[in-house]
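Below is one structure, written out as structure tokens, with a few remarks after it.
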Amino acid sequence: MMYSGNTRAHPALILVAILFGLALPSLRYAFTTPPDDFWFQVRVIENQKPVIVKFGADWCGPCRAMDPELARLRSRYSGKLDVVEIDIEEKPHLAKHYGVSGIPRIFLFKDGRLKKSRTGYASQQELLSWSKSYFE
């Protein structure tokens with residue numbers, strides 16, 4: 001193939017590049033583990049059970065309102081599911097790694113991989129319907 005001197009990219013290639021660029025941040029979270037955080041590695045990534053991870057903060061009202069909901073879920077499904085709560089001010093590197101920009105932010109991990117996420121308050125029933133297919 002001979003170079004014709006035309007440096008304009010085809011519109012379809014530009015669209016693919018844009019879409020791929022937008023997908024990269026979410027792909028990063030699905031395929032990498034947090035850097036240098038042994039605690040998270042053991043509690044979440046290497047856990048044999050599905051894990052719900054809640055990122056929140058003490059000063060966040062909706063985060064505090066979710067705590068009893070998560071406690072009930074943890075108690076009800078103790079042998080099938082683990083729940084981990086992370087304060088974004090204590091572990092800001094994890095919040096940054098997973099792109100947490102609003103709290104409460106909930107992630108579901110299974111087999112060490114991020115399966116889904118959601119932002120905002122959720123009741124026990126909402127959390128259950130959101131995650132049940134991964135542990136029952």
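Numbers here are sequence positions counted from 1.
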- Should Lys54 and Asp67 be marked as a salt bridge (charged side-chain N to carboxylate O under 4.0 Å, His left out) after you check the CA-CA gap, both sets of side-chain angles, and the distance that decides it? CA-CA 9 Å; Lys54 181 196 96 177; Asp67 291 344; 2.5 Å; yes
- Message: With a 4.5 Å cut-off on side-chain heavy-atom distances among I, L, V, M, F, W and Y, is there a chain of contacts connecting Trp39 to Val83?
- Response: no
- Query: Which heavy atom of Leu81 sits nearest a heavy atom of Lys49, and at what distance?
  - Reply: N-CD, 3.9 Å
- Message: Is there a side-chain contact between Asp37 and His97 in this structure, where contact means two heavy atoms from C-beta onward sitting under 4.5 Å apart?
- Response: no
- Note on the structure: Correct closest heavy-atom pair for Thr119 and Gly102 would be CG2-O, 3.8 Å
- Message: Rounded to the nearest 0.5 Å, what separates atom CG in Leu73 from atom OG in Ser78?
- Response: 10.5 Å
- Message: Please list all pairs meeting ring pair (Phe, Tyr, Trp, His ring centres under 6.0 Å) that have one or both residues in residues 115-136, counting only residues at least two apart or in different chains.
- Response: Tyr77-Phe135
- Item | Results of side chain to side chain donor-acceptor pair (under 3.5 Å) for Lys132 - residues two or more places apart only | Glu136
- Query: Relative to each other, are the rings of Phe55 and Phe107 parallel, tilted or perpendicular (30° and 60° limits)?
  - Reply: perpendicular
- side-chain contact (heavy atoms from CB on, under 4.5 Å) between Ile88 and Arg105, intermediate numbers included: CA-CA 10 Å; Ile88 61 169; Arg105 181 79 187 265; over 6 Å; no
- Residues forming a side chain to side chain contact (heavy atoms under 4.5 Å, CB included) with Glu46, sequence neighbours excluded: Gln41, Val42
- Message: Has Asp111 got a side-chain atom pairing as donor or acceptor with Arg113's backbone, closer than 3.5 angstrom?
- Response: no
- Query: Are Leu70 and Phe109 connected in the hydrophobic side-chain network, where two residues link if heavy atoms are under 4.5 Å apart?
  - Reply: no
- Task: Report whether Met66 and Val84 are members of the same hydrophobic cluster (ILVMFWY, side-chain heavy atoms less than 4.5 Å apart, transitive linking).
- Result: no
- Message: Would the distance check show the side chain of Glu69 and the main-chain N or O of Gln124 forming a donor-acceptor pair, the cut-off being under 3.5 Å?
- Response: yes
- Would you check if Phe40 and Ile86 make a side-chain contact, meaning some heavy-atom pair closer than 4.5 Å? yes
